Enquirer: 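Provided herewith is a single structure, encoded as structure tokens, for subsequent inquiry.
Source: prediction; values computed, not measured. Residue numbering restarts at 1 for every chain, and letters A, B, ... go by the order of the sequence lines.
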Amino acid sequence: MSENQEPHEPIAESELLQIRRDKLELLKEAGIDPFGQYFSTTHEISDLKSNFTEDSLVSVAGRITSRRDMGKSQFFDIANAHGRIQCYLNKKGVGDEAFDVFTKMLDIGDWVGVSGKTFTTKVGEPTINIETLTVLSKALRPLPDKFHGVVDREIKYRQRYLDLIANPESTKIFLQRCQIIAEIRRFLEARGFLEVETPMLQDVAGGAAAQPFETHHNALGMDMYLRIAPELFLKRLMVGGLTKIFELNRSFRNEGISRRHNPEFTMLEIYQACADFPAMADMVEEMICHLAENFCGGLQVEHHDEEGNTIRSINLQRPWKRRAYRDCIKEIDSDWFSYSPEQRRTRCQELGIEISEAMEDYEVTQQVFEKLVEEKTFDPCFVTHVPKELVPLAKQNAEDGSLVDVYELIINGQEISPGYSELNDPDAQRSRLKHQAGEETQKVDEDFLLALEYGMPPAGGVGIGIDRLVMMLTGAASIRDVVLFPQLKRRE
RNA sequence: GCGUGGGUAGCUCAGCUGGUAGAGCAGUUGGCUUUUAACCAAUUGGUCCUGGGUUCGAAUCCCAGUCCACGUACCA
């Protein structure tokens, strides 16, 4: 839209912006391209800093983030997300013209390329003594406060770039997220898993019980859904003989937004033929510990509040606890399973747990689990053998048909990962999907059931909510702090 | 959805029971050739979220809307 504006049309903007526009004109008048060109660098800022040697000729590029004007001597920092380096500009050293460009036409926020020799100042700061200064991009708006950063949550999320510029602790979390995701791919590839991509646009939104986003394909004249899970397509691939696979990508759920929920979220699903849920639990345990040790400072993960006080310490030391669902409930009330359904409802009121009339008996128990077990479990715990009604895609337990062979990995008061021994009996699968109880049910995908009839090997499967995993590993309090562009309401 | 709290300068914030809208940083001007939240001096900058109401007078009180946060429900 700015392209439609006449360059000299008066813009009703603050004086602050006008001053920057004036400097833009000064650059143009001096024959300098304010938006730069190719610039050859010898180092990344971060590498230069970590392997600093004096008196070497270097070229680096970055954004001016602060300046200290001492008259004929100018100190300033250039930085990007990975690092910061101090630059020194001396009027005699660079000549009057270049010096004027810096003092009269450049601001904090502008991108520059600098070339010069490295040295260390009196107080020990690694610095580049600038010989040539190249303008790479003029910033037409001022940056946020360098000391306080961006505190306003709305700016942080709507203008993430400002958060990244001003708040190193935010940048750190996103860099950790990148490393974690890259390492998950390496970890699985090293174990012979193949990364696949399955449809996000689906005819039937299956594989989970959640509201999907609806859309429409014009040429086909058909309504479609954004996937709520990739599961049913990954299982089709196992029917096709791809027996060690994973998908690490977005799913979409048209549900409420909260500290723990974003409508699009990143999910990892892993399937391994001829494995079962305990085998998958072992692998997940190994993987998460590997990630914590490599990118999060070890197996003791500390969470801090805004003031920096430690509010929680999560111990990821192996082996992780494994407990049957029923034993977890019995720890709350040892007689729970000898009560009648009515007694359980009464007991819920005593325990301060809200339940609705419409809830089935197993859902009442599940409420107890969620409020009194899950939300109070911070160190890792695999909760196994849950009631079969909760998980229609998992194999029934051989000894107790009311249970399924699954784990739910709880860490940090949240479910981080479910894992199943996957149900591969097509008739049992059909009947389980058709006889689901409760309010939220999974859609029946006939094409998936058809695939199962051709034979899917027994398999272990895992889902991991990557956003929540990153929250747990980095101590982020909100999913919005680990998703670069979280969903917000449109601003009119 | 519902409930509670919040929205004041580019950023971070103060502004009492209604009485001329404030500070720090950033910016501007001047000074200073090893500073680093540089420093010293001066100085500019406001749709107090939007709309309505009460009042002689509203950033402040009331109503509605809007966005954000937190809690809650659905959900992972």
Side-chain angles (χ1 to χ4, degrees), chain A residues 12-20 22-23 65-77 84-94 99 104 107-109 119-127 129 139-159 162-163 165-167 207-212 228-229 251-269 306 354-356 367 370-371 374 408-410 414-418 438-440 463-469 471 477-480 486 488-492:
Chain A
E13 292 280 19
S14 80
E15 185 194 348
L16 238 44
L17 301 191
Q18 191 51 53
I19 287 165
R20 294 209 172 217
D22 292 345
K23 290 180 178 177
T65 54
S66 67
R67 56 199 294 183
R68 294 168 288 284
D69 174 358
M70 304 192 56
K72 294 185 181 66
S73 232
Q74 302 278 327
F75 287 91
F76 61 98
D77 295 338
R84 174 199 74 86
I85 183 92
Q86 177 169 266
C87 299
Y88 172 68
L89 193 72
N90 178 296
K91 190 166 186 177
K92 265 201 180 133
V94 292
F99 195 79
K104 298 200 167 79
D107 288 295
I108 288 176
F119 74 106
T120 306
T121 64
K122 275 184 193 166
V123 287
E125 179 81 18
T127 305
N129 186 3
L140 298 177
R141 290 175 183 270
L143 256 39
D145 186 287
K146 67 179 168 185
F147 188 62
H148 298 96
V150 177
V151 171
D152 187 317
R153 312 283 280 193
E154 210 171 336
I155 296 176
K156 267 172 80 81
Y157 302 145
R158 282 191 202 278
Q159 296 179 278
L162 295 179
D163 182 39
I165 291 168
N167 300 337
Q211 289 296 313
I228 55 175
S251 286
F252 308 83
R253 296 189 184 178
N254 202 345
E255 309 274 0
I257 293 177
S258 79
R259 208 159 61 79
R260 297 185 176 83
H261 300 86
N262 197 56
E264 52 182 304
F265 63 104
T266 302
M267 187 143 68
L268 167 65
E269 288 203 6
E306 309 238 317
E354 282 182 40
I355 46 166
S356 71
Q367 282 298 306
E370 285 177 14
K371 301 296 169 198
E374 181 171 315
E408 308 268 1
L409 172 59
I410 314 297
Q414 297 180 29
E415 190 193 331
I416 294 285
S417 163
E439 285 178 59
E440 291 289 325
I464 299 184
I466 295 296
D467 310 288
R468 289 183 178 181
L469 176 70
M471 284 173 71
S478 167
I479 196 168
R480 298 178 195 98
L488 299 180
K489 259 197 185 173
R490 179 184 296 129
R491 228 177 167 175
E492 302 298 342

Enquirer: Check the distance between B:rG10's P and A:F147's CZ and give it to me in whole angstrom.
Expert: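 In whole Å, B:rG10 P lies 22 Å from A:F147 CZ.
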Enquirer: Distance check needed: B:rC11 P versus A:L17 CG, whole Å only.
Expert: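 A:L17 atom CG is separated from B:rC11 atom P by 11 Å.
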Enquirer: Contact class for A:E415 (heavy atom, under 4.0 Å): base, sugar-phosphate, or nothing?
Expert: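 Sugar-phosphate, backbone atoms only, no base.
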Enquirer: With A:S66, which residues qualify under side-chain contact (heavy atoms from CB on, under 4.5 Å), at least two apart?
Expert: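 With neighbours one apart ignored, the set is A:R68, A:D77, A:K146.
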Enquirer: How far does the C1' atom of B:rA41 sit from the matching atom of B:rA58, given to the nearest Å?
Expert: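 Straight-line distance between the two C1' atoms is 38 Å.
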Enquirer: Rounded to the Å, how far apart are A:D152 CG and B:rC68 P?
Expert: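 Interatomic distance, CG of A:D152 to P of B:rC68: 11 Å.
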Enquirer: Tell me the partner of B:rG22, counting only Watson-Crick (N1-N3 plus N6-O4 or O6-N4) or G-U wobble (N1-O2 and O6-N3) with both under 3.5 Å; none if nothing fits.
Expert: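 Result: B:rC13.
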Enquirer: Distance between the P atoms of B:rA64 and B:rG3, in whole angstroms?
Expert: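 About 11 Å, rounded to a whole number of Å.
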Enquirer: Could you work out the separation of B:rC62 and B:rC68 based on their P atoms and round it to a whole Å?
Expert: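 Those two atoms are separated by 24 Å.
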Enquirer: Using atom C1' in both nucleotides, what's the gap between B:rC61 and B:rC16 to the nearest angstrom?
Expert: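 B:rC61 and B:rC16 have their C1' atoms separated by 14 Å.
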Enquirer: Can you tell me, in whole Å, how much space there is between the C1' of B:rU44 and that of B:rA21?
Expert: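 That atom pair is separated by 16 Å.
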Enquirer: If you look at every strand shown and take non-hydrogen atoms under 4.0 Å, does A:R158 touch a base, only sugar-phosphate, or nothing?
Expert: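 Sugar-phosphate, backbone atoms only, no base.
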Enquirer: Between A:R468 and A:R260, is there a donor-acceptor pair closer than 3.5 Å when you use the side chain of the first and the backbone of the second?
Expert: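 The answer is yes, because a donor-acceptor pair under 3.5 Å joins these two groups.
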Enquirer: According to the Watson-Crick and G-U wobble definitions, with both distances under 3.5 Å, which nucleotide is paired to B:rU54?
Expert: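 None - no nucleotide pairs with B:rU54, as no candidate has both distances under 3.5 Å.
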Enquirer: Rounded to whole Å, how long is the line connecting atom CG of A:D22 with atom P of B:rG27?
Expert: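 Distance check: A:D22 CG to B:rG27 P gives 15 Å.
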Enquirer: Check whether more than 12 heavy atoms from other residues, nucleotides or ligands sit under 6.0 Å from atom CD of A:E354, and answer yes or no.
Expert: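 At most 12 heavy atoms, drawn from other residues, nucleotides or ligands, come within 6.0 Å of this atom.
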Enquirer: Is there a donor N/O on one and an acceptor N/O on the other, under 3.5 Å, for the side chain of A:Y88 and the base of B:rU35?
Expert: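 In this structure, the two groups form no donor-acceptor pair.
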Enquirer: Which part of the nucleic acid does A:N262 contact within heavy-atom distance under 4.0 Å: base, sugar-phosphate only, or nothing?
Expert: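 Base, at least one base atom sits under 4.0 Å.
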Enquirer: To the nearest 0.5 Å, how far apart are CG in A:L89 and CE in A:M70?
Expert: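 Separation between the atoms: 13.5 Å.
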Enquirer: Under 4.0 Å: is that the gap between some side-chain N or O of A:R259 and OP1 or OP2 of B:rC68?
Expert: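 No, because none of the side-chain N or O atoms of A:R259 sits under 4.0 Å from OP1 or OP2 of B:rC68.
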Enquirer: Quick one: A:L143 CG to B:rC11 P, roughly how many Å, whole number?
Expert: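 Whole-Å distance recorded here is 11 Å.
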Enquirer: Is there a donor-acceptor contact under 3.5 Å from the side chain of A:Q74 to the main chain of A:G71?
Expert: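 Yes, A:Q74 side chain to A:G71 backbone: donor-acceptor pair under 3.5 Å.
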Enquirer: Pick the P atom in B:rC63 and in B:rC25, then give their distance to the nearest Å.
Expert: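 It comes out at 40 Å once rounded to the nearest Å.
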Enquirer: Within less than 4.0 Å of OP1 or OP2 of B:rU35, is there a side-chain N or O belonging to A:R68?
Expert: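 False: A:R68 side-chain N/O out of range (4.0 Å or more) of B:rU35 OP1/OP2.
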Enquirer: When the C1' atoms of B:rG19 and B:rA9 are considered, how many whole Å apart are they?
Expert: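 The answer is 23 Å between these two C1' atoms.
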Enquirer: Quick check on RNA chain B: between A:I19 and A:D77, whose nearest nucleotide comes earlier from the 5' end?
Expert: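 Its nearest nucleotide lies further toward 5', so the answer is A:I19.
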Enquirer: Could you grab the distance from atom OG1 of A:T121 to atom CG of A:N129, nearest 0.5 Å is fine?
Expert: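 It is 11.5 Å, given to the nearest 0.5 Å.
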Enquirer: For A:R253 and B:rA76, is the shortest distance between a side-chain N/O and OP1 or OP2 below 4.0 Å?
Expert: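 Yes.
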Enquirer: On RNA chain B, compare the nucleotides closest to A:S66 and A:T127; which residue's is nearer the 5' end?
Expert: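 By nearest-heavy-atom nucleotide position, the 5'-most residue is A:T127.
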Enquirer: Taking A:R67 for its side chain and A:F76 for its backbone only, find out whether a donor-acceptor pair lies under 3.5 Å.
Expert: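 No, A:R67 side chain to A:F76 backbone: no donor-acceptor pair under 3.5 Å.
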Enquirer: Is A:F119 touching bases, backbone alone, or none of the nucleic acid, heavy atoms closer than 4.0 Å?
Expert: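 Base contact.
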Enquirer: Using a 4.0 Å heavy-atom cut-off, does A:K489 contact any base of the nucleic acid, only the sugar-phosphate backbone, or nothing at all?
Expert: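 Sugar-phosphate only.
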Enquirer: What contact category does A:I155 fall into here, base, sugar-phosphate, or nothing, at under 4.0 angstrom with non-hydrogen atoms?
Expert: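 Touches sugar-phosphate only.
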Enquirer: Answer with yes or no whether A:T121 presents, from its side chain, a donor or acceptor under 3.5 Å of a partner atom in the base of B:rU35.
Expert: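 Side chain to base: pair present.
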Enquirer: Is it true that a side-chain atom of A:D467 and a backbone atom of A:T266 form a donor plus acceptor pair closer than 3.5 Å?
Expert: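 Confirmed, A:D467 side chain pairs with A:T266 backbone.
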Enquirer: What's the NZ-P distance between A:K72 and B:rG30, to the nearest Å?
Expert: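 Rounding to the nearest Å, NZ of A:K72 and P of B:rG30 are 13 Å apart.
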Enquirer: Considering every strand shown, what is the Watson-Crick or G-U wobble mate of B:rU72 when both distances are under 3.5 Å?
Expert: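 Pairing partner: B:rG1.
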Enquirer: Could you tell me which nucleotide pairs with B:rU43 by Watson-Crick or G-U wobble geometry, both distances under 3.5 Å, or answer none if nothing does?
Expert: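 Base partner found: B:rG27.
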Enquirer: Think A:R490 has a side-chain N or O under 4.0 angstrom from the OP1 or OP2 of B:rC67?
Expert: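 For B:rC67, OP1/OP2 do not have a side-chain N/O of A:R490 under 4.0 Å.
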Enquirer: Classify the nucleic acid contact of A:L488 as base, sugar-phosphate or nothing, counting any heavy atom under 4.0 Å across all strands shown.
Expert: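 Here A:L488 touches the backbone only, sparing every base.
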Enquirer: Report all interatomic pairs (protein N or O, nucleotide N or O of nucleotides 21-24 of chain B) with separations under 3.5 Å.
Expert:
{"from": "B:rG24", "atom 1": "N2", "to": "A:D145", "atom 2": "OD2", "distance (Å)": "3.2"}

Enquirer: Check this one for me: any side-chain N or O of A:R141 less than 4.0 Å away from OP1 or OP2 of B:rC11?
Expert: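 A:R141 to B:rC11 OP1/OP2: no side-chain N or O under 4.0 Å.
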Enquirer: Base, sugar-phosphate alone, or nothing: which one does A:K91 contact when heavy atoms must sit under 4.0 Å apart?
Expert: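 A:K91: no heavy atom of the nucleic acid under 4.0 Å.
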Enquirer: On the nucleotide B:rA73, are OP1 or OP2 found under 4.0 Å from the side-chain N or O atoms that A:K371 carries?
Expert: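 Yes, within the criterion.
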Enquirer: Please determine whether a side-chain nitrogen or oxygen atom of A:K146 lies at a distance below 4.0 Å from atom OP1 or OP2 of B:rC25.
Expert: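 Indeed not, no polar side-chain atom of A:K146 lies that close.
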Enquirer: Could you go step by step and tell me if A:F99 and A:K92 meet the side-chain contact (heavy atoms from CB on, under 4.5 Å) rule?
Expert: CA-CA 9 Å; A:F99 195 79; A:K92 265 201 180 133; over 6 Å; no
Enquirer: Flag as yes if A:F75 stacks onto the base of B:rA38 (centroids under 5.5 Å, planes under 30°), otherwise no.
Expert: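 A:F75 ring does not meet the centre or angle cut-off for B:rA38; no stack.
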Enquirer: Measure from the side-chain N and O atoms of A:S417 to the backbone N and O of A:G463, and report whether any donor-acceptor pair falls under 3.5 Å.
Expert: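 Flag set: sc A:S417 to bb A:G463 pair under 3.5 Å.
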Enquirer: What is the distance, rounded to the nearest whole Å, between atom CZ of A:R153 and atom P of B:rC11?
Expert: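 Checked: the CZ to P distance equals 17 Å.
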Enquirer: When you compare the side chain of A:P142 with that of A:L16, does any pair of heavy atoms fall below 4.5 Å?
Expert: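 Of all side-chain heavy-atom pairs linking A:P142 with A:L16, at least one is under 4.5 Å.
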Enquirer: Has A:K23 got a side-chain N or O lying under 4.0 Å from the OP1 or OP2 atom of B:rU28?
Expert: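 Checking A:K23 against B:rU28: at least one side-chain N or O falls below 4.0 Å of OP1 or OP2.
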Enquirer: Could you check whether A:G256 gets within reach of a base, just the sugar-phosphate, or nothing at all, counting any heavy atom under 4.0 Å?
Expert: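 Base, at least one base atom sits under 4.0 Å.
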Enquirer: Do A:R480 and A:E154 sit within salt-bridge range, that is, some charged N less than 4.0 Å from a carboxylate O?
Expert: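 Salt bridge flag = no for A:E154 with A:R480.
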Enquirer: What integer number of Å spans the C1' atoms of B:rG53 and B:rG45?
Expert: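 Rounded to whole Å, the distance is 32 Å.
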Enquirer: Write down the partner of B:rU36 under the Watson-Crick or G-U wobble criteria, each distance required to be under 3.5 Å.
Expert: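 Pairing partner: none.
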Enquirer: What is the nucleic acid contact for A:G93, judged by heavy atoms within less than 4.0 Å: base, sugar-phosphate only, or nothing?
Expert: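 Contact class for A:G93: none.
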Enquirer: Does the ring centre of A:F119 sit less than 6.0 Å away from the ring centre of A:Y88?
Expert: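 For A:Y88 and A:F119, the ring centres are under 6.0 Å apart.
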Enquirer: Show the distances under 3.5 angstrom between N or O atoms of the protein and N or O atoms of nucleotides 42-45 of chain B.
Expert:
{"from": "B:rU44", "atom 1": "O2'", "to": "A:E15", "atom 2": "OE1", "distance (Å)": "3.0"}

Enquirer: Please report the interatomic distance NE2(A:H148) to CG(A:N167), rounded to the nearest 0.5 Å.
Expert: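 One finds 11.5 Å between NE2 of A:H148 and CG of A:N167.
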Enquirer: Checking base pairs now: Watson-Crick or wobble, both atom distances under 3.5 Å. What partners B:rU60?
Expert: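 Pairing partner, where one exists within any strand: none, as none qualifies.
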Enquirer: Please give, in whole Å, the distance from B:rC2 P to A:E354 CD?
Expert: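 In whole Å, B:rC2 P lies 17 Å from A:E354 CD.
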